[in-house]
**Q** 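Attaching a single structure in structure tokens format; questions to follow.
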Amino acid sequence: MIRDYAGAHINKGSAYALQGQWAEAIISLDKGIRLDPEVSAAYFNRATAYQQLGDYSHAIEDFRTYLRFWPQDPAAEYARKHLAKLEEKLPDENRDAVQGASPYHLTIAQGIVLPVEGDPVTTISSCDRAIERNPNDAIAYHSRGLAHSITGDLDAAIADFDQALTLLTDADMRANAYNNRGIARARQGNPVAALADFDRAIELDPTNVNAYNNQGNLYASRGDSTSAIAAYNRAAELDPGFPDTFNNRGGAHRIQGNNCRPCRLRQSD
């Protein structure tokens with residue numbers, strides 16, 4: 001019975017991930033892992049969700065857990081590649097802190113992004129304190145922006161992403177901030193500004209699969225399936241293992257009446 005409940009949460013989290021609802025995916029996957037910590041896809045999908053949100057420390061820990069227990073899993077090579085890329089993004093001292101972390105109770109060396117229960121109110125309070133200690137803590141602003149996005153306070157989220165962008169210097173992290181601000185702007189009903197943010201993210205990091213995928217989602221939501229497919233194609237070229245791209249591109253092809261194009265989904269065990 002417990003495993004059935006765990007599977008329901010994990011499947012729900014995986015479905016959220018396929019829709020690009022990363023924060024919601026993490027919350028559901030957390031619950032599933034607590035009930036059944038032996039489902040490989042739950043760690044893989046949660047790592048992917050953390051990576052999409054720019055929460056590299058949590059992503060690294062989940063990818064490490066996944067590879068430690070399921071080194072021969074079909075997606076293991078994808079996990080190794082992304083783990084190596086993520087580890088390069090963290091300073092040595094933060095990398096060491098992640099190495100000793102527990103997969104069941106995680107904090108982030110650079111500031112809490114999502115607490116273990118996925119409670120955005122707690123995250124906002126943690127970031128408030130971090131910003132009080134250091135008003136130039138770019139990661140805290142970015143993390144608080146993500147938490148505000150979860151609560152639906154999009155004005156506050158955008159304001160925090162704005163502040164983070166004035167402080168961040170790393171191109172990849174700036175690209176993530178533009179990408180996340182673009183998502184908030186799209187949710188506000190401002191597709192022009194959202195597309196501009198996704199474009200800027202791609203300029204800063206031309207390998208940013210997330211930005212291309214989100215760009216495609218926005219085009220698709222506006223009925224521009226041709227532009228959507230072009231964005232998804234670029235995402236697929238950059239990372240053939242990225243699970244969302246094939247699903248989303250398949251949907252865009254179906255809008256055009258081409259039902260024979262392949263659609264690939266990632267499901268839990």
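Atom set for the values below is all heavy atoms of this structure, side chains included, hydrogens, waters and symmetry mates excluded. Predicted model, so just to flag it, every value in this text is computed and none were measured.
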**Q** Kindly compute the distance separating OH (Tyr232) from OG (Ser227), expressed to the nearest 0.5 Å.
**A** 11.0 Å
**Q** Do Phe198 and Asn208 touch side chain to side chain, with heavy atoms closer than 4.5 Å?
**A**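 No, their side chains stay 4.5 Å or more apart.
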**Q** Test side chain to side chain contact (heavy atoms under 4.5 Å, CB included) on Asn214 and Asn179; report intermediate values, then the result.
**A** CA-CA 8 Å; Asn214 288 331; Asn179 179 64; 2.8 Å; yes
**Q** Quick one: are Val39 and Ile33 in side-chain contact, heavy atoms under 4.5 Å?
**A** no
**Q** Show your reasoning for whether side chain to side chain contact (heavy atoms under 4.5 Å, CB included) applies to His148 and Leu154.
**A** CA-CA 6 Å; His148 281 307; Leu154 300 177; over 6 Å; no
**Q** Tell me, with the steps shown, if Gln52 and Asn180 meet side-chain hydrogen bond (donor to acceptor under 3.5 Å, both in side chains).
**A** CA-CA 9 Å; Gln52 302 298 325; Asn180 290 327; over 6 Å; no
**Q** What's the verdict on side chain to side chain contact (heavy atoms under 4.5 Å, CB included) for Tyr78 and Phe44, showing C-alpha distance, side-chain angles and the deciding distance?
**A** CA-CA 10 Å; Tyr78 174 96; Phe44 181 96; 3.2 Å; yes
**Q** Would you compute the distance between atom CG of Asp137 and atom CZ of Arg144 and round it to the nearest 0.5 angstrom?
**A**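 Atom-to-atom, Asp137:CG and Arg144:CZ are 10.0 Å apart.
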**Q** Taking all non-hydrogen atoms of both residues, which atom of Cys127 and which atom of Ala140 are closest, and how far apart?
**A** SG-O, 3.5 Å
**Q** What pair of heavy atoms forms the shortest contact from Ala186 to Ala194, and how long is it?
**A** N-CB, 3.7 Å
**Q** Between the main-chain N or O of Leu165 and the side-chain N or O of Arg174, is there a donor-acceptor pair closer than 3.5 Å?
**A** yes
**Q** Can you name the closest pair of heavy atoms from Gly216 and Ala228 and give their distance?
**A** O-CB, 3.3 Å
**Q** Which atom pair, heavy atoms only, marks the closest approach of Ala184 to Ser149?
**A** CB-OG, 4.5 Å
**Q** Could you tell me if the side chain of Arg46 sits less than 4.5 Å from the side chain of Ile27, heavy atoms only?
**A** no
**Q** Please tell me whether Phe161 and Ile183 are part of a single hydrophobic cluster in this structure, the criterion being side-chain heavy atoms less than 4.5 Å apart.
**A** no
**Q** side-chain hydrogen bond (donor to acceptor under 3.5 Å, both in side chains) between Asp153 and Thr151: does it pass, once the steps are laid out?
**A** CA-CA 6 Å; Asp153 191 348; Thr151 66; 5.4 Å; no
**Q** Shortest non-hydrogen contact from Ala59 to Leu86?
**A**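 The pair with the smallest heavy-atom distance is CB-CD1, 3.8 Å.
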**Q** Is there a side-chain contact between Tyr219 and Thr226, using heavy atoms and a 4.5 Å cut-off?
**A** no
**Q** Give the C-alpha distance, both sets of side-chain angles, the deciding distance and a yes or no for salt bridge (charged side-chain N to carboxylate O under 4.0 Å, His left out) between Arg200 and Glu203.
**A** CA-CA 5 Å; Arg200 183 62 178 138; Glu203 288 175 11; 3.1 Å; yes
**Q** Determine the minimum heavy-atom distance between Leu29 and Gly13, stating which atoms define it.
**A**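 The answer is CG-CA, 4.0 Å.
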**Q** Is it possible for you to say whether Leu204 and Tyr56 belong to one hydrophobic cluster, with membership spreading through side-chain heavy-atom contacts below 4.5 Å?
**A** no
**Q** Measuring only between side-chain heavy atoms, which start at C-beta, is Asp199 closer than 4.5 Å to Asp197?
**A** no
**Q** Can you tell me how far apart CZ (Arg185) and OH (Tyr178) are? Round to the nearest 0.5 Å.
**A** 9.0 Å
**Q** If hydrophobic clusters are built by linking Ile, Leu, Val, Met, Phe, Trp and Tyr wherever their side-chain heavy atoms come under 4.5 Å apart, do Met173 and Leu167 end up in the same one?
**A**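 They do not share one cluster, since no chain of ILVMFWY contacts under 4.5 Å joins Met173 to Leu167.
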**Q** Taking the side chain from Tyr141 and the backbone from Pro135, do they hold a donor-acceptor pair closer than 3.5 Å?
**A**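 Checked: pair present.
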**Q** Before giving the answer on side chain to side chain contact (heavy atoms under 4.5 Å, CB included), spell out for Ile26 and Leu53 the whole-Å C-alpha distance, their side-chain angles and the decisive distance to 0.1 Å.
**A** CA-CA 10 Å; Ile26 290 168; Leu53 293 175; 3.6 Å; yes
**Q** Main chain of Gln163, side chain of Thr166: is a donor-acceptor contact present, judged purely on distance under 3.5 Å?
**A**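 Checking the backbone N and O of Gln163 against the side chain of Thr166, a donor-acceptor pair under 3.5 Å is found.
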**Q** First locate atom CD1 of Ile60, then atom OG1 of Thr65, and finally report the distance between them rounded to the nearest 0.5 Å.
**A** 11.5 Å
**Q** Please determine whether a side-chain nitrogen of the Lys or Arg among Glu77 and Arg80 lies less than 4.0 Å from a carboxylate oxygen of the Asp or Glu.
**A**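 A salt bridge links Glu77 with Arg80.
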**Q** For a ring pair (Phe, Tyr, Trp, His ring centres under 6.0 Å) with Tyr43, tell me which candidate from Phe63, Tyr66, Trp70 qualifies.
**A**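 The passing option is Trp70.
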**Q** Could you tell me the separation between the CD1 atom of Ile139 and the CG atom of Leu168, rounded to the nearest 0.5 Å?
**A**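 Rounded to the nearest 0.5 Å, the CD1-CG separation comes out at 5.5 Å.
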**Q** Strictly below 4.0 Å, N to O, side chains only: are Glu87 and Arg64 in salt-bridge contact?
**A**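 Result for this pair is yes, salt bridge flagged.
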**Q** Looking at CG of Asp224 and CD1 of Ile229, how far apart are the two atoms once the value is rounded to the nearest 0.5 Å?
**A** 9.5 Å
**Q** Under the criterion side-chain hydrogen bond (donor to acceptor under 3.5 Å, both in side chains), I'd like the reasoning laid out for Asp160 against His142: C-alpha separation, chi angles, the key distance, then a yes or no.
**A** CA-CA 6 Å; Asp160 276 341; His142 186 261; over 6 Å; no
